[in-house]
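Worksheet: one structure, shown below.
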2 protein chains.
Amino acid sequence: MNVEEIIKTSKKIPLEPRTLIHMELVHNKINEIMYGALKPFEVSLQQFNVLRILRGQQGKPANLSTLNDRMVTKMSNTTRLVDKLLSKGFVNRTVCPSNRRKVEIVITDSGLKALRQMDESLEDAHKVIYQNFKKEDLEQLNYLLDKF
Amino acid sequence: MNVEEIIKTSKKIPLEPRTLIHMELVHNKINEIMYGALKPFEVSLQQFNVLRILRGQQGKPANLSTLNDRMVTKMSNTTRLVDKLLSKGFVNRTVCPSNRRKVEIVITDSGLKALRQMDESLEDAHKVIYQNFKKEDLEQLNYLLDKF
DNA sequence: TACATACATTTGTATATACAAATATTGTTT
DNA sequence: AAACAATATTTGTATATACAAATGTATGTA
């Protein structure tokens with residue numbers, strides 16, 4: 001990736017703002033590839049993320065605030081995100097019997113099946129995204145990202 | 001930044017997906033700080049970016065497609081973004097006399113003045129964002145980001 | 001000149017997201 | 001028990017963004 005080429009400038013950009021631009025460009029690129037990989041399943045990255053969280057629960061239901069805590073991008077509107085998954089038949093939602101303020105969300109068999117297919121598609125996306133990376137590069141990158 | 005703590009998981013996440021989550025978390029954090037820095041001026045990051053591009057033109061007008069080329073996040077709707085800057089008095093827009101399909105956009109004195117203030121605010125944001133970074137860390141990070 | 005094509009921007013519309021206020025339920029205090 | 005505060009979710013609304021179609025202008029060709 002060549003920053004200056006993408007934003008079509010010949011000027012030298014100072015290191016600090018350049019890094020922010022660089023991060024943004026990489027973020028956009030990753031998002032594009034990931035959305036492409038999820039497109040056949042008609043779910044957003046956020047929805048995919050929620051499905052993975054639910055699978056991680058191993059049958060144990062999750063409520064909305066738990067989902068929100070565990071989401072990578074915390075958003076205000078988990079209700080409507082779950083609505084979408086519900087309308088696709090990927091999750092079930094019931095009122096929690098012991099505390100009726102809460103809802104209990106579980107992933108369905110159909111959701112699990114779809115998720116397994118998404119995993120395969122995401123594997124391919126990873127291959128594209130990381131084609132120039134060695135394992136040590138990724139470790140070094142994670143080390144540096146921790147400094148933020 | 002501790003990935004596992006933020007998304008409240010105790011499980012070990014494989015390196016590749018972990019890096020993507022890491023990137024997303026850092027991106028969100030940077031955005032939050034940047035938007036905070038720009039809040040007093042009531043401009044979005046995209047709008048700020050366009051103002052900087054216009055300043056870089058050194059008086060030479062830019063048309064919409066040029067702006068779009070140079071923007072960090074290319075978007076479909078540069079027209080409406082420029083509308084916003086126009087209503088704030090930060091830019092002027094005129095029809096290009098030699099080719100009436102094009103528009104010519106220039107930054108106003110008021111826009112330049114506001115931009116100088118934003119620069120100061122962004123300087124502070126940089127200090128927050130990069131407080132744990134040495135120069136060599138940033139160089140190494142840029143080197144690794146190029147692999148995407 | 002008339003026609004088709006290409007170019008630059010604008011507009012319409014659907015969807016996404018952010019933020020605040022509203023609703024419903026539970027827990028606490030007097 | 002009544003009143004109040006705390007919790008969990010839902011809803012309303014404003015704003016943002018993506019994508020496609022529409023508009024207006026310029027260029028090339030028969």
Value in whole Å for how far the P atom of C/dT9 lies from CD of B/Glu104: 10 Å

Donor on one side chain, acceptor on other, A/Thr66 and A/Asn63, under 3.5 Å: yes

Ion pair check, B/Arg93 and B/Asp83, cut-off under 4.0 Å: yes

Distance, rounded to the nearest Å, where B/Glu42 contributes CD and D/dA14 contributes C1': 14 Å

Rounded distance (Å) that lies between atom P of C/dT17 and atom CG of B/Asn77: 17 Å

Quiz item: A/Arg100 side-chain donor-acceptor pair to C/dT25 base, under 3.5 Å: no

Nearest-angstrom distance from the residue atom CD1 of A/Ile105 to P of D/dA8: 13 Å

Separation of D/dA6 P from A/Arg101 CZ (nearest whole Å): 13 Å

Distance below 4.0 Å between A/Ser65 side-chain N/O and D/dT9 OP1 or OP2: yes

Distance, rounded to the nearest Å, where B/Leu81 contributes CG and C/dT9 contributes P: 14 Å

Ring geometry between B/Tyr130 and A/Phe148 (parallel below 30°, tilted from 30 to 60°, perpendicular above 60°): tilted

Salt-bridge present (A/Asp119, A/Arg55; N to O < 4.0 Å): yes

B/Leu45 CG - D/dT15 C1' separation (whole Å): 16 Å

Ion pair B/Glu120/B/Arg116, N-O distance below 4.0 Å: no

hbond_proxy A/Arg80 side chain to D/dG12 base (donor-acceptor, 3.5 Å cutoff): yes

5' precedence on DNA chain C between A/Ser98 and A/Lys74 (nearest-nucleotide basis): A/Lys74

Distance below 4.0 Å between A/Lys84 side-chain N/O and C/dA16 OP1 or OP2: yes

Pairwise 5' ranking along DNA chain D for A/Ser76 and B/Ser44, keeping only the more 5' one: A/Ser76

d(NZ, A/Lys102; C1', D/dA6) in whole Å: 13 Å

Along DNA chain C (nearest heavy atom to each residue), the more 5'-positioned of A/Gln46 and A/Asn99: A/Gln46

